[in-house]
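After the structure tokens below, expect a handful of questions from me.
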Amino acid sequence: MPPHADRVLYAGERPFEGPNRGSGPMTFGAVLGVKDEVELIGPSIAHLRAIGVDAIAVSDFGSTDGTLDVLSDERRMGDVTITHVDPDVVYDYDTCSANDIAQAHRTGADWVLFLDADEFFVPAQGSLRHCRGLSKADVLVLDRYNVVTSATHLHMPVDLSPATYEALRLFTRQVADFQAVMAREPDVPFISIRPGPKVMARRAVAADVAPGGHDVSAAGEPLRRVAADDLIVAHVPFTTMGRFERKVANIRREMIRHPRYFDGEFAWHWRRWAEMTAPGVLEGEFARQVTSHEALRCLEDAGLVRTAARLFAERAANASAAETGRLGRWRALVEAARTDAGLRPLSILPARS
């Protein structure tokens, strides 16, 4: 999707009979927030279907750019519901959380993804059902990475599946204080630094959703949180100048309506862009987010841009090394205990590598 063209990439079609209940296969729902994302809403819904999401509860916060037309078409498939939410709800944390929880229950699914239309959940094996952490967690915490945008296209394939993960290029630089880095180095492209994580959770235990869907909590016992090593989020903050202008214009209007919301640390990056009112400044900011082919090669050589395929391979290697280490410690403890008891080593113990 070139930065100069506003268009929907694709739309998925699949009959739907509702999420399975009872003892059937594990089901997945998505609570999808959107406002003025006509470029991405079709691809977002198609991708959710492709990774195994059974029911998609959309909260639209006042779109006027054609997003609702796309959603109307998607709703005919039977797996999409649309709730028109007052945009002011975003600025009331309790009401916004209550809306997200209500939407999660509407899906009726076992697990619920909390995301925006510009966030694509990417399972290593292409399906949410194959993610390892599902059996031992209440909440999966997912690393999020910004997708590279070049002068010619978005470095994310339309068919986002394991066969194409080598074409999904992600910025991997992580910093302790994002805002401090931007204040110290204002020319650093915003897109080049990793944003915070996202979550998915068991519907039955989720009682409260943090702003932006970055965390979930429960009223009772602490939730079991697991950092997923085979599921990441590809975030698409920049695509076209038209989309960037729409988002900034929306934020400028909301700053007038809800000034206190933008006084603190939360949403500081949007305040920064909204204040870029001099001629050409906003265009220059967008141009900084576009990576040239030469810069992309340098970033890849430095390990600051990786493909999704490489990320998953590195994670698999790290998980294997950790498991080998645990096995070695377990073997040593068992052998020591048997030696203390005057017993021979067990022949069934795996050999040392």
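Reckoned from all heavy atoms, side chains included, excluding hydrogens, waters and symmetry mates. Predicted model, so just to flag it, every value in this text is computed and none were measured.
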If you measure from the Lys or Arg side-chain nitrogens to the Asp or Glu carboxylate oxygens, is any gap between Asp229 and Arg132 under 4.0 Å?
yes
Asp79/Arg49 ion pair, N-O < 4.0 Å:
yes
Closer than 4.0 angstrom, basic N to acidic O: yes or no for Asp138 and Arg202?
yes
Under-4.0 Å salt bridge between Asp143 and Arg315:
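Salt bridge: yes.
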Salt bridge check: are Glu119 and Arg144 linked by an N-O gap of less than 4.0 Å?
yes
In terms of side-chain geometry, is the basic nitrogen of Asp65 or Lys35 positioned less than 4.0 Å from the acidic oxygen of its partner?
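A salt bridge is absent here (no side-chain N lies under 4.0 Å from a carboxylate O).
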Qualifying residues under side-chain hydrogen bond (donor to acceptor under 3.5 Å, both in side chains), relative to Arg225, sequence neighbours excluded
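Only Asp215 meet the side-chain hydrogen bond (donor to acceptor under 3.5 Å, both in side chains) criterion with Arg225.
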Check: Arg169 and Leu154 side chains under 4.5 Å, non-hydrogen atoms
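Not touching, per the 4.5 Å side-chain cut-off.
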Salt bridge Glu285-Arg288, side-chain N to carboxylate O under 4.0 Å:
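Salt bridge: yes.
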Give the intermediate values and the outcome of side chain to side chain donor-acceptor pair (under 3.5 Å) for residues Gln289 and Thr149.
CA-CA 7 Å; Gln289 316 308 318; Thr149 299; over 6 Å; no
Do the ring planes of Phe190 and His269 sit parallel (below 30°), tilted (30 to 60°) or perpendicular (above 60°)?
parallel
Below 4.0 angstrom, N of the basic side chain to O of the carboxylate: do Asp177 and Arg184 qualify?
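Salt bridge absent between Asp177 and Arg184.
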Which residue in the set Arg310, Arg194, Arg306 passes side chain to side chain donor-acceptor pair (under 3.5 Å) when paired with Thr172?
Arg306
Under 3.5 Å, side-chain donor or acceptor atoms of residues 83-91 against the rest of the protein: list the pairs with distances, not counting sequence neighbours.
residue: Thr83; atom: OG1; partner: Gln103; partner atom: OE1; Å: 3.3
residue: Thr83; atom: OG1; partner: Gln103; partner atom: NE2; Å: 3.4
residue: Thr83; atom: OG1; partner: Arg106; partner atom: NH1; Å: 2.5
residue: Asp86; atom: OD1; partner: Asp88; partner atom: N; Å: 2.9
residue: Asp88; atom: OD1; partner: Arg257; partner atom: NH2; Å: 2.5
residue: Asp88; atom: OD1; partner: His258; partner atom: NE2; Å: 2.8
residue: Asp88; atom: OD2; partner: Arg257; partner atom: NH2; Å: 2.9

